[in-house]
Structure formats: structure tokens, C-alpha cells
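Structure first, then comments.
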Protein chains: 2
Amino acid sequence: MNGGAIKRSLENVGLRCTAQRYAVMAFLTDHKGHPTAAEIFAAVNHVDPLSSRATTYNNLRDLVKAGLVREVAVEGRAGRFDLRGLRHHHFICDRCGSVEDMEWYDVPRPRSGFLGKRVVRECQIVFRGLCTKCAPRRTSR
Amino acid sequence: MNGGAIKRSLENVGLRCTAQRYAVMAFLTDHKGHPTAAEIFAAVNHVDPLSSRATTYNNLRDLVKAGLVREVAVEGRAGRFDLRGLRHHHFICDRCGSVEDMEWYDVPRPRSGFLGKRVVRECQIVFRGLCTKCAPRRTSR
DNA sequence: AGCGTCTTTAGAGTATATCTAATTTGATAT
DNA sequence: ATATCAAATTAGATATACTCTAAAGACGCT
């Protein structure tokens with residue numbers, strides 16, 4: 001995603017293209033490894049203080065709400081973020097908490113009638129287990 | 001799950017049946033609403049202080065590791081727990097964070113070959129959206 | 001330029017979870 | 001029964017992750 005594309009995608013969802021928001025989007029564009037909010041906060045301020053902690057968290061929340069960014073919750077650890085560009089599922093490592101992308105495929109919908117008044121926004125598959133790095137040494141925690 | 005069954009299931013996975021563990025399992029048996037660790041801690045100590053915070057958290061972690069209990073991570077909120085008795089998927093409400101059970105159905109596996117050295121322990125579908133209570137009033141946040 | 005709104009800020013505050021080191025408990029062997 | 005020792009528990013401090021507050025600043029519109 002280049003500069004103009006980031007600006008346009010922000011404006012498409014009704015968010016101003018501020019330096020702070022731009023930096024978050026740019027960082028996620030360049031770093032596909034599902035960073036945590038703390039990592040994004042640190043990276044954005046690495047060179048020169050640009051964005052306070054509150055702003056980073058607020059912007060991540062706004063971007064998630066707007067549908068540009070996805071958050072993956074990980075048990076007992078900080079949530080991780082990625083761009084919602086290409087559809088994909090996630091693999092979460094039990095041992096190190098890292099999140100990896102899995103190729104997308106369609107998920108069967110629940111029986112209609114089950115949902116009732118619920119409004120489904122999205123549907124995700126999460127695989128759990130040991131990642132490529134952790135699988136060899138199966139030591140427990 | 002009655003008393004004996006709880007004791008047996010603990011012993012099956014190599015955990016002693018202590019009063020504190022028993023209380024956690026019994027609470028989860030009686031309360032299907034996916035309580036948080038804090039709620040379980042409070043409930044177990046409601047009548048008569050029985051279990052410290054650390055023990056409650058340790059036991060929940062041990063029970064998850066042993067496969068008796070499942071944790072559902074929720075973005076920006078406390079994780080929620082349930083018994084791994086019947087297989088089911090989960091619905092998480094964007095607005096109130098509550099977790100509801102969805103009927104189980106099989107999930108297609110990823111293309112073999114994709115996984116590489118990864119070891120998959122489980123695979124879960126998570127639906128997100130607005131629950132029955134929150135759907136009517138669609139106020140933001 | 002003036003106006004109203006959206007955005008950002010620093011730092012305190014809250015919620016959640018883990019750690020520490022001493023003590024107690026419970027299963028097993030004697 | 002009792003001794004033994006690893007497993008389990010404890011209170012409370014500490015760490016981590018996130019949110020709130022009130023004031024100031026920036027943006028887009030006229």
C-alpha cells in the first residue's frame with residue numbers, strides 16, 4: 001500500500017489522514033508480522049516522538065472499527081494487529097504467542113435460524129498449536 | 001459433571017484433585033456463561049475464602065494446558081473460560097464482549113503441505129458481531 | 001480569518017495477570 | 001499410622017496492557 005492508497009483508504013472510511021494514523025498504517029503495511037500495540041507505539045516513535053500512547057491505541061481502535069485493520073486476540077497476551085487487505089486465517093502459537101497468516105478459504109455459515117437477532121460482522125478460523133520455531137523443542141512453557 | 005466425574009477427569013490428566021481445582025471445575029460446570037478469571041476468583045471465594053488470586057489463575061492455566069478447560073481470548077478484555085465438554089464454536093459480541101456458544105460443525109482443514117512443521121492442536125471458528133442484547137440498539141462502542 | 005469539530009497529548013488511573021518465597025497439602029512408601 | 005517430598009497454595013507486591021481526563025492543537029469549511 002503506497003502513500004496515496006493509505007490516504008485514500010482512510011478518507012474512504014471517514015477518518016482524517018493525520019500523521020499519526022498514517023504512521024500506523026504505513027508501519028502495518030511494511031511489517032506483516034502481526035505486531036502488538038506496544039510494538040507499533042514504539043516503532044512509530046522510534047526516530048522522533050510522533051504519537052502518544054493514547055493516540056496509538058485510539059487510532060488502532062478506530063482503524064479496527066472502520067474495518068481497515070484487524071485485531072487478533074491472544075490469550076493472556078497483548079493483542080496483535082494486521083491490515084485487512086487479503087483475506088486470511090490465523091495460526092497462533094501456544095508457546096510463543098506469535099501469529100502467522102494462513103491461506104484463506106471459505107468458512108461454512110451456521111445454520112440459519114440459529115443466529116436469531118445476532119448480527120454477524122465476520123467469521124474467522126483460528127488454528128492453535130506450535131509454530132515452526134517452537135514445534136521442534138516441545139518443552140512445556 | 002458430578003463430583004466424582006470432576007475428580008476423575010482431574011486425575012486422568014495427572015492433576016491432584018484439590019479443593020481449589022475442584023471449585024473451579026464445579027463453578028464452570030454450573031455456569032455456562034463463559035466467566036472471566038476474575039469472576040471465577042470472586043465466585044470461588046464468595047462463601048468462604050478458599051483460593052488466592054494466584055492459585056485461581058494458576059489452576060485455570062493448568063486446566064487449559066491439560067485440555068479440560070478452554071480459554072477464549074477477547075480483544076482488549078479479560079479472557080473467558082468454559083469446559084471443553086461438548087464441541088462448539090463461539091460468538092463474541094463486539095459491543096459488550098460477551099461470549100456465546102454456537103453449535104458445532106466440522107471445519108475444513110488447511111491444504112496439507114501448507115502447515116510444514118507446525119503442529120495443530122485445535123481449530124476454532126469465532127464469529128464476531130452484535131449479540132441478541134446489543135443488536136437492537138446499534139450505538140457505536 | 002473565524003468557527004466548530006475532530007484529533008492529539010502527558011500522565012495518572014484502572015484492569016488484568018504474574019511473580020516470589022515461605023508454607024501447607026496430599027500421595028506414596030515405610 | 002507416620003515420614004517424606006514434590007506438588008500446590010498463599011498474600012501481597014509487581015508487571016503489563018490498556019483507558020481516561022482535561023486541555024491544547026490541527027483541520028476543513030465558509
Side-chain angles (χ1 to χ4, degrees), chain A residues 6-8 10-25 34-45 48-66 68-69 71-81 94-97 99 140-141, chain B residues 6-8 10-25 34-45 48-66 68-69 71-81 94-97 99 140-141:
Chain A
I6 290 176
K7 186 164 190 295
R8 258 174 280 119
L10 285 171
E11 286 163 355
N12 281 343
V13 296
L15 292 172
R16 286 183 190 162
C17 180
T18 64
Q20 291 81 357
R21 276 186 194 136
Y22 185 92
V24 168
M25 290 296 285
H34 304 84
T36 62
E39 285 163 0
I40 296 169
F41 171 62
V44 158
N45 289 285
D48 146 53
L50 170 63
S51 191
S52 75
R53 178 192 319 286
T55 299
T56 306
Y57 280 85
N58 286 343
N59 280 339
L60 281 168
R61 194 179 50 200
D62 293 344
L63 292 167
V64 168
K65 210 157 54 169
L68 295 178
V69 167
E71 176 171 6
V72 186
V74 181
E75 293 82 357
R77 312 201 194 217
R80 291 170 172 278
F81 297 86
D94 288 335
R95 214 177 78 93
C96 71
V99 174
S140 66
R141 273 188 65 72
Chain B
I6 290 177
K7 186 164 190 295
R8 258 175 280 120
L10 286 170
E11 286 164 355
N12 281 343
V13 295
L15 293 172
R16 287 184 190 162
C17 180
T18 65
Q20 292 80 357
R21 275 187 194 134
Y22 185 93
V24 168
M25 290 295 284
H34 304 83
T36 63
E39 285 164 358
I40 295 169
F41 170 61
V44 159
N45 288 281
D48 154 52
L50 172 61
S51 190
S52 76
R53 178 191 320 286
T55 298
T56 306
Y57 280 86
N58 286 344
N59 281 338
L60 281 168
R61 193 179 52 201
D62 294 345
L63 291 168
V64 168
K65 210 158 52 169
L68 294 179
V69 167
E71 176 172 5
V72 186
V74 181
E75 293 82 356
R77 312 202 193 216
R80 292 172 171 277
F81 297 86
D94 288 336
R95 215 177 78 94
C96 71
V99 175
S140 65
R141 267 187 68 73

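The sequence lines fix the lettering, A, B, ..., with proteins before strands; numbering per chain opens at 1.
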How many whole angstroms separate atom [atom1] of [X] from atom [atom2] of [N]?
{"X": "A:I40", "N": "D:dC18", "atom1": "CD1", "atom2": "C1'", "result": "14 Å"}
{"X": "B:L60", "N": "C:dT16", "atom1": "CG", "atom2": "P", "result": "14 Å"}
{"X": "B:L10", "N": "C:dG26", "atom1": "CG", "atom2": "C1'", "result": "14 Å"}
{"X": "A:Y22", "N": "D:dC27", "atom1": "OH", "atom2": "P", "result": "16 Å"}
{"X": "B:E39", "N": "C:dT16", "atom1": "CD", "atom2": "C1'", "result": "13 Å"}
{"X": "A:R77", "N": "D:dC18", "atom1": "CZ", "atom2": "C1'", "result": "18 Å"}
{"X": "B:R61", "N": "C:dA17", "atom1": "CZ", "atom2": "C1'", "result": "10 Å"}

Q) At under 4.0 Å, does any side-chain N or O of A:Y57 touch on OP1 or OP2 of D:dT19? A) no

**Q.** Minimal non-hydrogen separation, A:L50 against A:A23, with atom names
**A.**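 Scanning both residues, the minimum pair turns out to be CD2-CB, 3.6 Å.
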
Residues A:A37 and A:T56: closest non-hydrogen pair is O-CG2, 4.3 Å

To the nearest 0.5 Å, tell me how far [X] [atom1] sits from [Y] [atom2].
{"X": "A:N58", "Y": "A:R53", "atom1": "CG", "atom2": "CZ", "answer": "12.0 Å"}
{"X": "A:I40", "Y": "A:Y57", "atom1": "CD1", "atom2": "OH", "answer": "9.0 Å"}
{"X": "A:D94", "Y": "B:K65", "atom1": "CG", "atom2": "NZ", "answer": "10.5 Å"}
{"X": "B:T18", "Y": "B:L10", "atom1": "OG1", "atom2": "CG", "answer": "7.5 Å"}

Protein heavy-atom contacts under 4.0 Å, written 5' to 3' over nucleotides 7-16 of chain D as B (base), S (sugar-phosphate only) or - (none), form the string BSSBBB----

